[in-house]
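What follows is one structure encoded as structure tokens, with my remarks underneath.
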Amino acid sequence: MTRTPGNLLDFTCSALDGVRAHVPLVQCITNSVVVNVTANALLALGASAAMVDIRGEAGPFAGVASGLLVNLGTPTLEQREAMLEAVTAANAAGTPWVLDPVAVGSLPVRTPLGHTLRDLRPTVVRGNASEIIAVTGSGAGGRGVDASDGVDAAVSSARSLAERTGGVVAISGPVDVVTDGRDLVRIANGDALLTKITGGGCALGAVMAAFAAVDDDRFATTVAAITVYTVAAELAAARAAGPGSFQAAFLDALATVDGDALRSRAALT
Amino acid sequence: MTRTPGNLLDFTCSALDGVRAHVPLVQCITNSVVVNVTANALLALGASAAMVDIRGEAGPFAGVASGLLVNLGTPTLEQREAMLEAVTAANAAGTPWVLDPVAVGSLPVRTPLGHTLRDLRPTVVRGNASEIIAVTGSGAGGRGVDASDGVDAAVSSARSLAERTGGVVAISGPVDVVTDGRDLVRIANGDALLTKITGGGCALGAVMAAFAAVDDDRFATTVAAITVYTVAAELAAARAAGPGSFQAAFLDALATVDGDALRSRAALT
Amino acid sequence: MTRTPGNLLDFTCSALDGVRAHVPLVQCITNSVVVNVTANALLALGASAAMVDIRGEAGPFAGVASGLLVNLGTPTLEQREAMLEAVTAANAAGTPWVLDPVAVGSLPVRTPLGHTLRDLRPTVVRGNASEIIAVTGSGAGGRGVDASDGVDAAVSSARSLAERTGGVVAISGPVDVVTDGRDLVRIANGDALLTKITGGGCALGAVMAAFAAVDDDRFATTVAAITVYTVAAELAAARAAGPGSFQAAFLDALATVDGDALRSRAALT
């Protein structure tokens, strides 16, 4: 596939159908804050979710799951061990996996863990600009989960990170960027309300794992995941009176977003 | 009480009043994904919730709680120890307890734990068909939290499990089944949206513990819990635009469901 | 500032503007039940949230956070160690911190921990009447998270606790009380629906930490946090059909509550 915006939009529509038809089972090792909304986002979209995050089970499960998310938001000791177990098994089995290096940079436990996981070659890395810069190995890292660096500042880090992992890197922000080190696409969808609920970014990582399970072109599946997710956010924002009603409307929108909405709203360049 | 559908429906209506009058305090040792919605479901219904799940406290609390839920969804090491401590204390004090053997079958940590807990004679076991088959000791187990076996396939397992524990077994599915090894009731209420939010089954286990606290006939209290819960789901589905709005509407419905709604909707056979 | 109700209301309005202007970053070490709604309440209000609750990170982060919440709801071993690490660092750095002694009194792990944390001189202690009495060192303690003692019964405990810590103590109930051992204010806002969702009290502790970050008068910032929070609850209750829709409406209201609503509704005496 030539990666034109038009081709990627066609791919996005068929990949969404693919997720709903195949119901990929996404294993999530994620933080306590967003674990509920992450499972609900996967279910709403049409995928399946299993939060298998303990030692002794995380590895065996990663060998049979359709995809895996590893999110560093609240990495307990037990989860950290489960992450390494799961990633090792995922790599052995060919299970695609997404790394979300939450707040990597300044925090002393997760930063070396993020670098270790990076070197295990994640299929996709997703973070805000500060996190992408930090996990690549430079920069001061994130202020918690907020980006202090702009998306553009992170593009060269993202390219070199993608070359290093052999995978795909996605930078979240007002305009999202996806690169595999060679091609680069920008997606100008979404709504500011996504930043006013916790999990707005974290659940996207799980959705990327669901899409990665239905096609081997992970550059295209990552673009598809972001496009579906951020177009759904726009549909929800139009019906919300604030962050609380947005949260409910967003799950409703993930369940109903379709090719018509994608074709009329997607802003890929 | 002769367990006719009519008698069980009468019982359900008075048991719901009993929960709201006595405000049973339900201790929950449950998974990170659904812990919030489980507490909220208990509060909405009119019960009280306390998630006391650490070593050194789980046992003392189970001795004074009105009921106990043990759910194997994300069983950390600390929780696994707390579960055994709590169940031992519950059995000593006569506190009714519900076992939810989430994903028991194939996963290597929770499967032996589920069998150990089964042998401690839970008052009620609740699971989907695959989980009931697996916790009974046969079958390949669940695909995460989704049922791959049908409810009918699990009925003979449920009967033998109930005979073994001396308690009640409930199979969740499009039609729910409750048996104590002798009697068997089917409840054909609920809505598919319950399967599109995480915790749809897990919170039901907590509601069963609340009902078990208000009457010694745990076959009847389990039927009552399922009937109230699934009728509330129908009321909520009628007002929902998708899984997000359903989640809010379901809590609203648990707070308002009453004898009139139960009598007009309950489908017990 | 002379602490008249009128002055405190003026302060509340400007402190709310201050939170929205300065976006304080609140570190939360809190329980698994409410961690999501706590983060969402902070984001809705206009603050920022980071749930850094592991050993080795909790301390360094508390040194740079704007405020810290320590909530004893589900205190895992790892969290208990992180709490002591964070509080030590917060005290060294002058970071204001809020202690929420959930269910301290009868439970054998958290009760001595609550007393240890009390002796580390929290900037603010927030609890229901039973918890305040118990953490002060007398009384039988709470029944889980419900108050069995009335607010008035706890006032003398609250005064002596404030004198002991050198900080502020807030008792939550139908009428909230704030004291620094000398002055005392009552706030008669809120709605019973706040007691029908889990986290209604716990998230308030985080909001107190956000307000404490924007002014050194922590008696006044605690009054401001309660007033904003409980007035928002009134706005939400007017639009809710039950606890589920209240939860969404409450986050919406935290995002929109303003000086006009505060001035027309605040009931400070």
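First the proteins, then the strands, lettered A, B, ... as listed; each starts at 1.
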Over all atoms of both residues, closest heavy-atom pair of B/G56 and C/P108: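 Smallest interatomic distance, heavy atoms only, reads O-CG, 3.0 Å.
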Matching residue for C/V33 among B/V37, B/T30, B/V35 - test: side-chain contact (heavy atoms from CB on, under 4.5 Å):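 Passing option: B/V35.
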C/P243 and its side-chain contact (heavy atoms from CB on, under 4.5 Å) partner, picked from B/D252, B/L43, B/N40: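 Among B/D252, B/L43, B/N40, the one that satisfies the side-chain contact (heavy atoms from CB on, under 4.5 Å) with C/P243 is B/D252.
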Pairing residues for B/E85 by the salt bridge (Lys or Arg N to Asp or Glu O under 4.0 Å) criterion, not counting sequence neighbours: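 Partners of B/E85 by the salt bridge (Lys or Arg N to Asp or Glu O under 4.0 Å) criterion come out as none, since no residue qualifies.
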Interface moiety of C/A248 toward chain B, non-hydrogen atoms closer than 4.5 Å: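 It is neither, since no heavy atom gets under 4.5 Å.
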With rounding to the nearest 0.5 Å, note down the distance linking [atom1] in [X] to [atom2] in [Y].
{"X": "C/K196", "Y": "B/L45", "atom1": "NZ", "atom2": "CG", "value": "9.0 Å"}
{"X": "C/Q247", "Y": "B/Q247", "atom1": "CD", "atom2": "CD", "value": "8.0 Å"}
{"X": "C/S32", "Y": "B/N36", "atom1": "OG", "atom2": "CG", "value": "9.0 Å"}
{"X": "B/L77", "Y": "C/L77", "atom1": "CG", "atom2": "CG", "value": "10.0 Å"}

Contact class of B/A44 relative to chain C, heavy atoms under 4.5 angstrom: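 The answer is both parts of B/A44.
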Side chain, backbone, both or neither of B/E57 within contact of chain C (heavy atoms, under 4.5 Å):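 It is both, since atoms from each part get that close.
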For B/D191, all residues meeting side-chain contact (heavy atoms from CB on, under 4.5 Å), sequence neighbours excluded: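 Partners of B/D191 by the side-chain contact (heavy atoms from CB on, under 4.5 Å) criterion, ordered by chain and then number, come out as B/L193, B/A237.
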Candidate pair C/T74 and B/I54, rule side chain to side chain contact (heavy atoms under 4.5 Å, CB included), full reasoning: CA-CA 7 Å; C/T74 55; B/I54 59 171; 5.7 Å; no
Sorted by number, residues from residues 224-233 of chain B in contact with chain C (heavy atoms, under 4.5 Å):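 The residues closer than 4.5 Å to chain C amount to none at all.
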Pairs flagged by salt bridge (Lys or Arg N to Asp or Glu O under 4.0 Å) wherever residues 31-44 of chain B is involved - sequence neighbours left out: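 Not a single pair qualifies under salt bridge (Lys or Arg N to Asp or Glu O under 4.0 Å).
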